[in-house]
2 protein chains.
Amino acid sequence: MKLLLIEDDIDITNNLKLLLKENNYEFDNAYNITEGINKLSNNYDLIILDISLPDGNGFSFYKNHLLAKNIPVVFLTAKDDEDDIVNGLELGAEDYITKPFSSKELLARIKRILLKKEKNKIIEIEDIKFDLEKMKVTKNNKEVKLTSLELKILYLFFTNLNKVITRESIIENIWNWTGNDVNDNTVTVYLKRIREKLGDNIIITVKGIGYRVDYEK
Amino acid sequence: MKLLLIEDDIDITNNLKLLLKENNYEFDNAYNITEGINKLSNNYDLIILDISLPDGNGFSFYKNHLLAKNIPVVFLTAKDDEDDIVNGLELGAEDYITKPFSSKELLARIKRILLKKEKNKIIEIEDIKFDLEKMKVTKNNKEVKLTSLELKILYLFFTNLNKVITRESIIENIWNWTGNDVNDNTVTVYLKRIREKLGDNIIITVKGIGYRVDYEK
DNA sequence: TCTTTTTTGTCATTTAGATGTCACATATGT
DNA sequence: ACATATGTGACATCTAAATGACAAAAAAGA
């Protein structure tokens, strides 16, 4: 698990670095927002974010860069102003901790968040298992060879379980960013191919709307 | 959203009751574990749980009765012993707050938890359940197969509960954007078909005006 | 390089089921 | 009772999705 701390206080940074490395997390840090933005491409599992930073405000950084990416965030700040806490949590932060904080508590709160992610790394539906990290799919524990597009489409479903996904949305996610548009029926054909490999029942057709993969936990 | 507070302190109970009712949550409380167990059948959306209770320990109550049910829990306790916090969070609690606490913060933390639940919103009216994300309807927990237009019309009602929807408004929402106009009676026929599948009582006719689906929360 | 295999995107066709309208029946308010 | 609004069953037509087959493009092997 890779964590990023964005915080300008050197003492706090060093303490957390020690604490988190001790607990087998990969740790990285940034002293300001600009530096933080540059590091974002490293796909962190969680970001600990100070609110008042030398070159800007943690809240707006969160809104502009993290919210859409779906990266869990813990705000960490000296401002124990109630409204700030409310603000942070309402924005969608996973947790909010005020300085001075207990290392043990911070650690416990981080663990709580990461535990959920951990659980989702391999999703199991009926006889199908999808390992999201390895990007590997098995049926009855036997690897299923999916082509790269089939895999991407299936990934879309497995990261949006229980949600209807429209044909348009699939096109947008899989093809659009490439520029060249694709026939509407193409999606249908891909769904058919995936079903051939995984069985007919895993992807549910919602007529007139789209498709869906259900996950009953 | 229905909350249950299990706490033996009467002052705290009254304060929270006020706070939460003010914020449109259904509130219920128990003064001890035995009482709490008896109330569990009410299917609460979240439980706020004190740790030291007159007839037992909150942690073991959580382990024995709540963990399997998957009800989110916020521990609320005077013991701000670090180890307790770690303990609580590691058990799987959604959050942990120590007394004395700020009402605003508690509220924000509760909201964070419930917001996630909200996302897979399922509206339940009598024996009918409509899962808005899955776009799936059940009656007595058995899936009802609706056609795409039937589903869209029903969706319109379920996202406009307690409001009369005129025939024109239905046509506008379901057909108009397609360009080709549709006979007035068509709506009636669709309503009839939906009623055939879901029962006559769910969609109420408001003579001379339109139709309505009622939701008493 | 050239050859072979796999992937990709598009057709045309099939199919089950959805759709829209009619003519008539029934219910409701005054 | 009357007028009007709403409900109903039957019907012809239409459509979304599934499918099998194919050529172009890309990737893998030789």
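Letters A, B, ... mirror the listed sequences (proteins, then strands); counts begin at 1.
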Interatomic distance, [X] [atom1] vs [N] [atom2] [rounded to whole Å]:
{"X": "A:Y190", "N": "C:dT10", "atom1": "OH", "atom2": "P", "value": "9 Å"}
{"X": "A:E150", "N": "C:dG9", "atom1": "CD", "atom2": "C1'", "value": "13 Å"}
{"X": "B:L146", "N": "C:dG17", "atom1": "CG", "atom2": "P", "value": "15 Å"}
{"X": "B:K192", "N": "C:dA25", "atom1": "NZ", "atom2": "C1'", "value": "12 Å"}
{"X": "B:L149", "N": "C:dT19", "atom1": "CG", "atom2": "P", "value": "4 Å"}
{"X": "B:L151", "N": "C:dA18", "atom1": "CG", "atom2": "C1'", "value": "13 Å"}
{"X": "B:I204", "N": "C:dT28", "atom1": "CD1", "atom2": "C1'", "value": "17 Å"}

Among A:D184, A:T186, A:N185, find the residue that satisfies the side-chain contact (heavy atoms from CB on, under 4.5 Å) test when tested with A:V182.
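Exactly one candidate clears the test, A:T186.
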Test applied, side-chain contact (heavy atoms from CB on, under 4.5 Å); reference residue, A:E7; option that passes from A:D9, A:I10, A:D11
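For A:E7, the side-chain contact (heavy atoms from CB on, under 4.5 Å) test succeeds with only one of A:D9, A:I10, A:D11, which is A:D9.
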Using a cut-off of 6.0 Å, state whether more than 12 heavy atoms not belonging to B:K39 lie near its atom NZ.
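It does: B:K39 NZ has more than 12 such atoms within range.
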Indicate, with a heavy-atom threshold strictly under 4.0 Å, whether [X] touches base, sugar-phosphate, or nothing.
{"X": "A:R193", "result": "base"}
{"X": "B:T188", "result": "base"}
{"X": "A:L191", "result": "nothing"}

Does [X] make a side-chain N or O approach to OP1 or OP2 of [N] shorter than 4.0 Å?
{"X": "B:S148", "N": "C:dT19", "value": "yes"}
{"X": "A:W175", "N": "C:dT8", "value": "no"}
{"X": "B:Y211", "N": "D:dG7", "value": "yes"}
{"X": "A:T147", "N": "C:dT6", "value": "no"}
{"X": "B:K145", "N": "C:dG17", "value": "no"}
{"X": "A:T205", "N": "D:dA17", "value": "no"}

Counting side-chain heavy atoms from C-beta on, which of [options] comes nearest to [X]?
{"X": "A:R167", "options": "D:dA17, C:dA27, C:dG9", "value": "D:dA17"}
{"X": "B:N185", "options": "C:dC22, D:dG20, D:dT6", "value": "C:dC22"}
{"X": "A:R195", "options": "D:dT8, D:dA18, D:dG7", "value": "D:dA18"}
{"X": "B:V182", "options": "D:dT19, D:dA17, C:dT21", "value": "C:dT21"}

Rounded to the nearest 0.5 Å, how far apart are CD1 of A:I174 and CG of A:L151?
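Rounded to the nearest 0.5 Å, the CD1-CG separation comes out at 9.5 Å.
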Toward the 5' end of DNA chain D, which comes first, B:E196 or B:D184, by nearest nucleotide?
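Its nearest nucleotide being more 5', the pick is B:D184.
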For the pair B:D45 and B:K2, find out whether any cationic side-chain nitrogen is under 4.0 Å from an anionic carboxylate oxygen.
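Not counted as a salt bridge, because no side-chain N and carboxylate O are separated by less than 4.0 Å.
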hbond_proxy A:N183 side chain to C:dC11 base (donor-acceptor, 3.5 Å cutoff):
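Absent.
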